Structure formats: C-alpha cells, structure tokens
Novice: 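Just passing along the structure, written as structure tokens.
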Amino acid sequence: RRTTLLGIPMDAGTSVPGARMGPAALRIAGLTTLLRELGHEVEDAGDLPPPEHPFVDMAPQDVAGCRNLEEVAGWTQSIHDRAHALAEQGRLPIFLGGDHALSMGSVSGIARHCKDAGRQLAVLWIDAHADFNTPATTPSRNMHGMSLAFLSGEESLRPLLGDRPLVPLPPEAIHIFGLRSIDTEERRQVQAHGVRAIDMRAIDEQGVAALMRPLIEQWQARDVHLHVSLDVDMLDPSLAPGVGTTVPGGATYREAHLIMEMLHDSGLVGSLDIVELNPFLDERGRSARLLVELVASLFGRTVLDRPPVRMRAF
Ligand code: ARG
Ligand code: MN
Ligand code: MN
Ligand code: MN
C-alpha cells in the first residue's frame, strides 16, 4: 500500500500536555522501517506545523465549554485540508497524534473525499471512551472528549471547521470498540444518536473475534473505506501507561493484536489515526513500542503464512 505518515504534534484537546511528542516517539520506535519491511511504500510527510488561531463563530455559552478552542479549530481545519488532499491522491494516510481532537480534522477530511468519490465511509473508534461530549455536556472542557460528537454533526461544534464543508457521519457509519468510561450526559447523547458501541463487557462475554467478524462482513458487503481511529487508552494501562486518560480493565496484548490482524485481513482499512500517546507519561518507550507492534499487525505481519482468505470465507 502507498502510505503517508503525517505527524500531528498537538495536545490542545487535553489538559495534560505531552501528546505533542507522540509523532516523534512513534518514529523513534521504528514505525517507518517496520512498514517498509512489510513491503509498503512509506512517505513521511513530517509534522504538520502548529496552525494560526482562526476566529471561531461559536455561541458564548459553548465557547466557555471548550478549552483551547481557537487552537483546536486551527488544527481541525489544517488537518482536514491535508487529510482530504491525501485521500484524493490515493494515499493511505496514517495520522500520528497528538490527542484525539485531531480526528475531527482527519475523519472530516476523509469523509469529504469519500462523498466526492461516491464511497461509503465506516469509522471504527477503538477507545475506552465515547468522545461524544458537547460543549454543553463536557465535565472537563477537554475537546478530545468531543470528536465523535463533532463528526456526527453536533451543531454547536460545527464552527470548528470554519467555511469548509462538513459531511456528517450517520450513526450506522460509527462503531465504538472497547468502551468502558462514559459520562452521564454523554451516554444520553450516544443513545439519542443511535451510535453503536461495543463495550468491555461484550468483549469479555463474547470475545474480540466474534464481535469483529459481523462488523467486517457488513463493511465488506458495502465495500466501505474503513477509517480506524486507535486511541491508546483502549489498551490496558499495565501495557500502555503512556496516556493521560488511563482507565483500568482495557484490552490485553493478544486482544489488541487480534483486532489489528482481523482488520488487516479485511482489506478495507483506508486511513488510520494513532492518538493519545503521551511520551512524557510513558515508561521507557514501551507504549510507543507496543503501538508500533500493533501497526505491524494491522499492516500484515503474521506469525505464520496464512492462506489469503477473506473473512466471509470463514
Ligand atoms: N469523557 C471524558 C471527557 O470528556 C474523557 C475523554 C477522554 N477522551 C480521550 N480522547 N482520551 O473529558
Ligand atoms: Mn479518544
Ligand atoms: Mn474531494
Ligand atoms: Mn480515550
């Protein structure tokens, strides 16, 4: 595949700085070499420069709910433009975060391209959180907790994208995977929108493979462009401590690899975010190294050769 790495050194979506160092840590952990070893073409586009702060025409009571509003809006618009351009060039973009607010730009840019190209978009949001808060519901004012609400067309957040066209994601296009922390009002939002979430209880009861298989089949039947948004905090904090919003009881090493392997075999992945890695909180680079390992599984590393079957043949 023709991949492009784009670093997004932002942490304006959080109150704990450090995720801006994420792109450097992922590169130092060997991401580029590894993708090349797996036979992919890799272009490293470097880091996106910190943006200007645009005027954001948001209602005053909503402004109050958004920490670093203008900075987040600046990032959103510049990431959106790059994501849209990369998708148009037929690249497979890998957005190296940076906090999860970056997905407002990456996914909206990809969504715009998919609409132009007449392709359906599906988003797999691998995360301990739903990121479905709004300026009115947020308990923290952290905008990384609002990205999915924005992408679903939440009106109060619409001004973040300025005059660029927003293609809102319909609820069927979104699956949250690994959910185990949700705020009271946020939960109401998720339910009201009808967004599907696979929580840790479902994973414990049914297992990753049984839950992923029907999703992949449904996406394959529609030949979607699959965007994977991987929040490090979906992993158990004992494996990946380098993140500001740890929640106990996350995915194991083996579950995480299995998700990535099944996504690879689906052949559908068209773009990827790797978000929330905070190297300042990490232990000797282990979270960054684990993430790079997971990317290897997503891009085709296997233990043994496997017959090239598509999932529906199982
Ligand atoms: N729900 C919490 C909030 O709104 C936590 C969000 C965490 N999001 C993340 N991308 N890590 O502040
Ligand atoms: Mn998140
Ligand atoms: Mn276009
Ligand atoms: Mn999270």
Side-chain angles (χ1 to χ4, degrees), residues 13-16 19 62 65-67 72 76 95 97-108 111 121-158 160 166 168-206 208 211-212 215 226-237 240 243-251 255-256 259 272-278:
T14 73
S15 48
V16 184
D62 293 326
C66 298
R67 191 189 304 278
V72 171
T76 303
F95 301 93
D99 73 70
H100 218 164
L102 78 81
S103 303
M104 302 199 211
S106 62
V107 179
S108 66
L121 172 64
V123 174
L124 183 63
W125 198 268
I126 303 178
D127 201 325
H129 306 95
D131 296 343
F132 224 92
N133 273 302
T134 70
T137 69
T138 175
S140 64
R141 300 176 59 243
N142 294 334
M143 297 196 75
H144 72 166
M146 307 181 191
S147 341
L148 258 187
F150 167 81
L151 292 167
S152 299
E154 165 63 32
E155 265 309 309
S156 61
L157 290 166
R158 174 67 185 82
L160 285 176
L166 175 74
L169 298 174
E172 323 79 71
I174 304 171
H175 285 88
I176 303 169
F177 202 93
L179 184 66
R180 59 190 185 281
S181 170
I182 191 164
D183 305 310
T184 313
E185 287 296 321
E186 184 183 32
R187 179 180 164 142
R188 288 207 185 96
Q189 294 287 320
V190 169
Q191 286 170 342
H193 280 257
V195 166
R196 268 119 319 145
I198 289 146
D199 63 9
M200 288 310 297
R201 172 164 182 176
I203 295 177
D204 288 341
E205 288 190 341
Q206 299 171 62
V208 159
L211 291 163
M212 289 290 297
L215 291 183
L226 179 62
H227 178 96
V228 176
S229 200
L230 175 61
D231 183 326
V232 185
D233 66 33
M234 193 272 189
L235 304 166
D236 194 79
V243 55
T245 49
T246 52
V247 190
E255 285 170 335
I259 296 168
L272 170 67
D273 309 319
I274 306 172
V275 302
E276 294 289 335
L277 172 63
N278 184 336

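Being a predicted model, the structure only gives us computed values, none of them experimental.
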Novice: Give a yes or no on this: more than 12 heavy atoms of other residues, nucleotides or ligands lie within 6.0 Å of atom CZ of R187.
Specialist: no

Novice: Judged by modelled atom types alone, do D273 and S103 share a side-chain donor-acceptor pair under 3.5 Å?
Specialist: yes

Novice: More than 12 heavy atoms of other residues, nucleotides or ligands under 6.0 Å from CD of E155: is that the case?
Specialist: no

Novice: Can you measure from CD (Q189) to OG1 (T184) and round to the nearest 0.5 angstrom?
Specialist: 12.0 Å

Novice: Which is it for V195 and I176 under the side-chain contact (heavy atoms from CB on, under 4.5 Å) test, yes or no, and what are the steps along the way?
Specialist: CA-CA 8 Å; V195 166; I176 303 169; 4.0 Å; yes

Novice: Just wondering, do L157 and M143 contact through their side chains at under 4.5 Å, heavy atoms?
Specialist: yes

Novice: Closest heavy-atom contact between E186 and D131?
Specialist: OE2-N, 3.1 Å

Novice: Over all heavy atoms of both residues, which pair between G97 and L102 is shortest? Give the atoms and the distance, please.
Specialist: CA-CD2, 3.4 Å

Novice: What are the two closest heavy atoms between I126 and V228, and how far apart are they?
Specialist: CD1-CG1, 3.9 Å

Novice: Check whether any side-chain heavy atom of R180 sits under 4.5 Å from a side-chain heavy atom of R201, and report yes or no.
Specialist: no

Novice: Could you check whether the rings of H227 and F95 sit parallel, tilted or perpendicular, using 30° and 60° as the cut-offs?
Specialist: tilted

Novice: State, yes or no, whether a side-chain contact exists between I174 and S152 at a heavy-atom distance under 4.5 Å.
Specialist: yes

Novice: Looking at Q206 and L211, what are the two nearest heavy atoms and their distance?
Specialist: OE1-CD2, 3.6 Å

Novice: Restricting to non-hydrogen atoms, name the atom on D236 and the atom on G249 that form the minimum distance, rounded to 0.1 Å.
Specialist: OD1-N, 3.2 Å

Novice: Distance from H175 atom NE2 to L124 atom CG, nearest 0.5 Å?
Specialist: 8.5 Å

Novice: How many angstroms lie between CD in E154 and CG in L166, if you round to the nearest 0.5 Å?
Specialist: 11.0 Å

Novice: Check whether any side-chain heavy atom of D231 sits under 4.5 Å from a side-chain heavy atom of W125, and report yes or no.
Specialist: no

Novice: How many angstroms lie between atom CG of D199 and atom CD of E205, to the nearest 0.5 angstrom?
Specialist: 8.5 Å

Novice: Indicate yes or no: at least one non-hydrogen side-chain atom of N142 is less than 4.5 angstrom from one of T245.
Specialist: no

Novice: Can you measure from NE2 (H144) to CZ (R67) and round to the nearest 0.5 angstrom?
Specialist: 9.0 Å

Novice: Could you give the distance from CG (L272) to OG (S229), rounded to the nearest 0.5 Å?
Specialist: 8.0 Å

Novice: Show, in sequence, the C-alpha distance, side-chain angles and deciding distance for R188 and E185, and conclude whether the salt bridge (Lys or Arg N to Asp or Glu O under 4.0 Å) test is met.
Specialist: CA-CA 5 Å; R188 288 207 185 96; E185 287 296 321; 2.6 Å; yes

Novice: Can you name the closest pair of heavy atoms from D99 and T14 and give their distance?
Specialist: CB-CG2, 3.4 Å

Novice: Please lay out, stage by stage, how F150 and V72 fare under the test side-chain contact (heavy atoms from CB on, under 4.5 Å).
Specialist: CA-CA 12 Å; F150 167 81; V72 171; over 6 Å; no

Novice: Is it the case that the side chains of D127 and H100 hold a donor-acceptor pair, with the cut-off being a distance below 3.5 Å and no angle test?
Specialist: yes

Novice: Are the side chains of L151 and V123 in touch, meaning some heavy atoms are under 4.5 Å apart?
Specialist: no

Novice: Got V247 and P237 here, is their nearest side-chain heavy-atom distance under 4.5 Å?
Specialist: no

Novice: Would you say the side chain of I182 lies within less than 4.5 Å of the side chain of F132, judging by non-hydrogen atoms?
Specialist: no

